[in-house]
Amino acid sequence: DQQVKQNSPSLSVQEGRISILNCDYTNSMFDYFLWYKKYPAEGPTFLISISSIKDKNEDGRFTVFLNKSAKHLSLHIVPSQPGDSAVYFCAASARTSGSRLTFGEGTQLTVNP
Amino acid sequence: DGGITQSPKYLFRKEGQNVTLSCEQNLNHDAMYWYRQDPGQGLRLIYYSQIVNDFQKGDIAEGYSVSREKKESFPLTVTSAQKNPTAFYLCASSMEASYRNEQFFGPGTRLTVL
């Protein structure tokens, strides 16, 4: 069963506008969430994370929002830049599962100049 | 220059042959992981190791084997029992085996079985 789901395989936005990437999860034991960015033929790189005790975490142009009641998180990128074009994965972990991460399927973001 | 290295970047093997993918890290991380990525799918955990000489199965361990004899190294063997081995394989490590630790990834190895 897919415990972390990214329902949009792709998203296209104009440079300078906001990109919003969404992620839903089903396992209520998840209490730490991460976003990774991946370019083709490379390994993912860590972007930003959020603990379940918070509902927002911001780092420069990147902000992650967590809605625990809806089991939903989102990544906002403002302003979007062409270099942001990549696949974005959300991932989740649970205190009870040690360091294991469960990943979503990924969303391909394309930022058009 | 700390990081994770995976070699080779591209690997071709004939069906029925075992193949070993290399993963080395000089970050002094305790935990290491192997993932597999297929088109349109997320990363799926194959095996992970939280400490030297110990490892656990992930979600899709069948047809794979690992060893963790040294802290820096976590090789993955894809055996002939793996039914669909063609994929992009990613190795990762984290400082501790803690649920709040971010994982750092290597560049990946693309395995093609002919």
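Both backbone and side-chain heavy atoms feed into the values below; hydrogens, waters and symmetry mates do not. Labels below follow one simple rule: chain letters A, B, ... track the order of the sequence lines, proteins then strands, and each chain is numbered from 1.
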Can you tell which part of A/P44 gets under 4.5 Å to a heavy atom of chain B, answering side chain, backbone, both or neither?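 Backbone plus side chain of A/P44, per the 4.5 Å heavy-atom cut-off to chain B.
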Tell me whether [X] shares a hydrophobic cluster with [Y], the cluster being built from Ile, Leu, Val, Met, Phe, Trp, Tyr side chains joined at under 4.5 Å.
X: A/I48; Y: A/V111; result: yes
X: A/F30; Y: A/L75; result: yes
X: B/F74; Y: B/L76; result: yes
X: A/I50; Y: A/M29; result: no
X: B/Y89; Y: B/L11; result: yes

Residue, of A/G106, A/S97, A/S51, that accumulates the most heavy atom pairs under 4.5 Å with chain B: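 Winner by heavy-atom pair count: A/S51.
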Counting heavy-atom pairs closer than 4.5 Å to chain B, which one of A/L101, A/L34, A/T96, A/T45 comes out on top?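 Most heavy-atom pairs under 4.5 Å with chain B: A/L101.
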Over 12 foreign heavy atoms within 6.0 Å of [atom1], [X]:
X: A/R17; atom1: CZ; answer: no
X: A/I18; atom1: CD1; answer: yes
X: B/K14; atom1: NZ; answer: no

Interface moiety of [X] toward chain A, non-hydrogen atoms closer than 4.5 Å:
X: B/Q37; value: side chain
X: B/L43; value: both
X: B/Q41; value: backbone

Between B/F105 and A/E42, is any pair of side-chain heavy atoms under 4.5 Å apart?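 SC-SC contact between B/F105 and A/E42 ruled out.
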Options B/S94, B/A31, B/G58, B/P107, ranked by heavy-atom pairs under 4.5 Å with chain A, top entry: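 Among B/S94, B/A31, B/G58, B/P107, the one with the most close pairs to chain A is B/P107.
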Check the pair B/Y33 / A/R100 against side chain to side chain contact (heavy atoms under 4.5 Å, CB included), numbers first and verdict last. CA-CA 9 Å; B/Y33 314 81; A/R100 294 182 58 147; 5.9 Å; no
Determine yes or no for a side-chain-to-main-chain donor-acceptor pair under 3.5 angstrom, with B/Q103 supplying the side chain and A/S99 the backbone.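 A pair under 3.5 Å: yes.
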Nearest 0.5 Å please: distance from the CG atom of B/D59 over to the CD atom of A/Q3.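 One finds 8.0 Å between CG of B/D59 and CD of A/Q3.
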